[in-house]
Amino acid sequence: MYKGVNASEGIGIGVARVAVEPDLSFVPHSPEDTDAEKQRYVNAREKFVKQTQAQIERMKKTVGEGTAAIMQAHIDFAQDDGIIDMVNNSITDGMCAEQAVQNAYDMYYNMFANMDDELFRERSADVADVRNGLLADLLGVELINLSALPENSVVVVHELTPSMTADIDKSDIVGIITETGGRTSHSAIIARQLEIPAVLSVENATQNIKNGDMCVVDGDKGEVHVNPDDKSLEKYRDKAKKLAEEKAALEAYRGKPTMTADGIKIQLVANIGNTNDAANAVEHDAEGIGLFRSEFLFMDSDELPSEDEQFAAYQKVALAMKGKPVIIRTLDVGGDKDIPYLNMQKEDNPFMGFRAVRYCLNNPDQYKVQLRALLRASAFGDVKIMLPLVTALDEVRQAKELIETCKHELDEEGVDYNKDIQVGTMIETPSASLIADLLAKECDFFSIGTNDLIGYTMCADRGNERVAYLYNVYQPSVLRSLKRIISEGNKAGIMVGMCGEVAADPLMVPVLISFGLNEFSVSAGSILRTRKTISQWTKKEADALTEKVMQLETSNEVRAMLQSAVK
Ligand code: PEP
Ligand code: MG
């Protein structure tokens, strides 16, 4: 058994097709005619752009418009003026086109690969993809083509580049195994979109797995089993069948209202990271957007997005949701989310540093750009503003004052916006939890960010394996905190939602119903499953279980009791 990253859920059983990397090596030489060499580069670029455009058209049909847009970045990298100048200058200086292309793209590759932020680091795969595409054209070599594989193939490849994924025919490929890539890499995103089970970052997979091997790809556990015996194969076949049946059965919940077994209405909305995700959320039957992480808009740009750019993005989501609620969180920068062009100072403890709403309130002119864009978008749908990482009441008051200033400006300019726009806050720090009663008086809604709340409550980083045993929602301290936040929000009569990962945890559904949570915000793929789980519980049953749970003393006891209560 080989371990890797569980990048796309489900069980895939099929025959390994090990895709060997093409040989892109060359002997550097000095061209005699530099103009002709530059023309070779122009030709390679044009061919690459044309091929990529065709891939985008294919992907629009297979994985949808939003995901196809990922490939646009390849065209942008191929046509980037800075890179083109660099390559042409190297050719003028006597380099062959292959060497000039390799050097220029390697420089960008290294720059991305060395960034602290995982999202930026993973863009290096796109740069390498463009480099290889151009080199293949220049050398007349064919790249790996995944569009013509036999049925039931498990693709085993060093790196699944976005352009390779574009060629995938979903009906033939039942699993994906790679030697690189994390959960947020484009390949992982596309694999999830295609709903093909995938395990990434399996060491030496292309050497240890041979063409024709029978493989089980367990995308839930991040495990790969090669040539399993008949008994385990049977076990996995049963599991795959059960999962497929479960997924098909969830379709019964599409288009249905979300409510408990005794008819309490719950709002079930989606978390999104970019504007294209909104269409995906609609496809998955979301009743609105509970968290739009606006920082991704800032991370995908080389400079601060202008008011008009931000407005266009927020408006697009508001329009896509057709009047359903859209909660947009203002810039949550810092901690693990670095935005290089903001030039934030290095800190010893960035998770407790100058970040999120603290940074924004200290840069009011910059913050106003975002707040104005959000207000303008509120004329096109039910847009709500949410503040991240609040720890003190003053922060909410200051942000609301800035929003008022922006409103006056827009009034004077005669620009339309929703005068009653709701302003709420994430509750994701122990301090916010402890002053939930005070915050509730100033806020129109709460949304509980359990990802951070658990970390700060338990003093355990979410990404630190060694303290992972502490980082979980079943800790009595975390449960008490959740209970307190929801009860204070309920008392004040404001909507209380949850947009951290806990909202999608089926074990926690009865506890959250019992506490009185009004809104669950989960990733699009978890919508139907969460609707089903909510529908299985009456308030009375949930209360009885929760009363017992709240008397337990350790997280293991809590988890065990919740597990035994699963319906
Ligand atoms: C959270 O902390 O739970 C949350 C939703 O925010 P993020 O994961 O973006 O920090
Ligand atoms: Mg957070």
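First listed ligand is number 1; within each ligand, the first listed atom is number 1.
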Is any side-chain heavy atom of Asn472 closer than 4.5 Å to a side-chain heavy atom of Met458?
no
Should Glu428 and Leu389 count as side-chain neighbours, where that means a heavy-atom distance under 4.5 Å?
yes
Salt bridge (Lys or Arg N to Asp or Glu O under 4.0 Å) with Glu541: which residues, sequence neighbours excluded?
Lys567
Partners of Lys3 by salt bridge (Lys or Arg N to Asp or Glu O under 4.0 Å), sequence neighbours excluded?
Glu223
Taking non-hydrogen atoms only, is Ile448 closer than 4.0 angstrom to ligand 1 via side chain, backbone, both or neither?
neither
Heteroatom proximity flag, Asp452 to ligand 1, N/O under 3.5 Å:
yes
Starting from [atom], what is the nearest protein heavy atom, named by residue and atom, and what distance separates them?
| atom | value |
| --- | --- |
| atom 6 (O) of ligand 1 | Arg329 NH1, 3.0 Å |
| atom 10 (O) of ligand 1 | Arg462 NH2, 2.8 Å |
| atom 5 (C) of ligand 1 | Arg293 NH2, 3.5 Å |

Distance filter under 4.0 Å to [X] heavy atoms, resulting ligand 1 atoms:
| X | value |
| --- | --- |
| Glu428 | 1 (C), 2 (O), 6 (O) |
| Gly500 | 3 (O) |
| Leu291 | 5 (C) |
| Gly449 | 1 (C), 2 (O), 3 (O) |

Is a salt bridge present between Glu9 and Arg529, judged by a nitrogen-to-oxygen distance below 4.0 Å?
yes
Looking just at side-chain N and O atoms, do [X] and [Y] make a donor-acceptor pair shorter than 3.5 Å?
| X | Y | result |
| --- | --- | --- |
| Glu309 | Tyr314 | no |
| Ser201 | Thr180 | no |
| Gln267 | Thr258 | no |

If you round to the nearest 0.5 Å, how far is CG of Leu402 from SG of Cys360?
10.0 Å
I need the protein N, O or S atoms closer than 2.8 Å to the Mg ion (ligand 2), given as residue plus atom name.
Glu428 OE1, Asp452 OD2
Give a yes/no verdict on whether any heavy atom in Glu501 is under 4.0 Å from an atom of ligand 1.
no
Counting only pairs under 3.5 Å, give me each side-chain donor-acceptor contact of residues 488-515, with atom names and distances, residues two or more places apart or in other chains.
residue: Glu488; atom: OE2; partner: Lys491; partner atom: NZ; Å: 3.3
residue: Asn490; atom: ND2; partner: Gly516; partner atom: O; Å: 3.4
residue: Asp505; atom: OD1; partner: Leu507; partner atom: N; Å: 2.9
residue: Asp505; atom: OD2; partner: Tyr474; partner atom: OH; Å: 2.5
residue: Ser514; atom: OG; partner: Asp543; partner atom: OD1; Å: 2.7

Give the intermediate values and the outcome of salt bridge (charged side-chain N to carboxylate O under 4.0 Å, His left out) for residues Glu287 and Lys265.
CA-CA 12 Å; Glu287 297 161 19; Lys265 180 82 190 78; 3.6 Å; yes
